[in-house]
Visitor: 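I'd like to ask you about the structure that follows.
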Amino acid sequence: MSCVHYKFSSKLNYDTVTFDGLHISLCDLKKQIMGRERLKATDCDLQITNAQTQEEYTDETVLIPKNSSVIVRRIPIGGVKTASKSYVISRTEPQSGTSKSIEDASSISLAQLTKVYILHIGNYLCHNVLL
């Protein structure tokens, strides 16, 4: 009997799936893991990543060698879409208590927006509260 060791990214310990042969297809590995973990294929899909190389297996027909270790994540059916949120700020007048205004702004990230907000709060405190 051959095996593949798997663990969910949120767990500490590995479990084992056993099979006959030198390899197991990604599709068969997912089915066995879902059966062992009592997951329904209609509820979620599994993202499988090689634990050593961090390579994500995406082709359902790829063969995973015996004695491999993989990391498993539950994902929504259809996969995870990465989306970068951005916000548009447009101010032509300076706010009271600030020395700079944000000109006609282009699209900026949430992190940049947070920095701008913190700078405005800092300027407000310096000019209005501490004086």
Visitor: With clusters built from Ile, Leu, Val, Met, Phe, Trp and Tyr whose side-chain heavy atoms come within less than 4.5 Å, directly or transitively, what are the remaining members of the cluster of Leu39, listed by chain and number?
Guide: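 Val4, Tyr6, Phe8, Val17, Phe19, Ile24, Leu26, Leu29, Ile33, Met34, Leu46, Ile48, Tyr57, Val62, Ile64, Val70, Val72, listed by chain and number.
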
Visitor: Please test His5 against Asp15 for side-chain contact (heavy atoms from CB on, under 4.5 Å), starting from the C-alpha separation and ending with a verdict.
Guide: CA-CA 6 Å; His5 306 283; Asp15 289 311; over 6 Å; no

Visitor: Would you sort out whether Glu60 and Ser25 count as a side-chain contact (heavy atoms from CB on, under 4.5 Å), showing the intermediate values?
Guide: CA-CA 7 Å; Glu60 294 288 322; Ser25 70; over 6 Å; no

Visitor: What do the steps show when you test Asn67 against Ser2 for side-chain contact (heavy atoms from CB on, under 4.5 Å), and what is the final call?
Guide: CA-CA 7 Å; Asn67 299 324; Ser2 301; 6.0 Å; no

Visitor: If I compare all heavy atoms of Pro65 with all of His23, which pair ends up nearest, and what's the gap?
Guide: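 Heavy atoms of Pro65 and His23 come nearest at CA-CD2, 3.7 Å.
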
Visitor: Once rounded to the nearest 0.5 Å, what's the spacing between atom CD of Gln47 and atom CD1 of Ile71?
Guide: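 Going from the CD atom of Gln47 to the CD1 atom of Ile71 covers 11.0 Å.
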
Visitor: If you define the side chain from C-beta out and look only at heavy atoms, does anything of Lys66 sit under 4.5 Å from Cys3?
Guide: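 Lys66 vs Cys3: side chains apart.
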
Visitor: Could you list the residues that satisfy salt bridge (charged side-chain N to carboxylate O under 4.0 Å, His left out) with Glu56, not counting sequence neighbours?
Guide: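 In terms of salt bridge (charged side-chain N to carboxylate O under 4.0 Å, His left out), with neighbours along the sequence ignored, Glu56 is linked to no residue.
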
Visitor: Under the side chain to side chain contact (heavy atoms under 4.5 Å, CB included) rule, collect the residues that match up with Asn13, sequence neighbours excluded.
Guide: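 For Asn13, no residue satisfies side chain to side chain contact (heavy atoms under 4.5 Å, CB included) once neighbours in sequence are set aside.
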
Visitor: For Lys7, does the NZ atom have more than 12 heavy-atom neighbours from other residues, nucleotides or ligands under 6.0 Å away?
Guide: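 Yes, enclosed.
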
Visitor: Does a side-chain N-to-carboxylate-O contact under 4.0 Å join Arg74 and Asp43?
Guide: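 The answer is no: the pair does not qualify as a salt bridge.
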
Visitor: Taking all non-hydrogen atoms of both residues, which atom of Ala41 and which atom of Ile77 are closest, and how far apart?
Guide: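 Looking at all heavy atoms of both residues, the closest pair is O-CD1, 3.2 Å.
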
Visitor: Whether the side chain of Arg73 engages the backbone of Ser10 through a donor-acceptor N/O pair (distance < 3.5 Å, no angle test) should be reported.
Guide: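 Not confirmed, Arg73 side chain does not pair with Ser10 backbone.
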
Visitor: In Å and rounded to the nearest 0.5 Å, what is the CG to SG distance from Asp59 to Cys27?
Guide: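 Those atoms lie 10.5 Å apart.
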
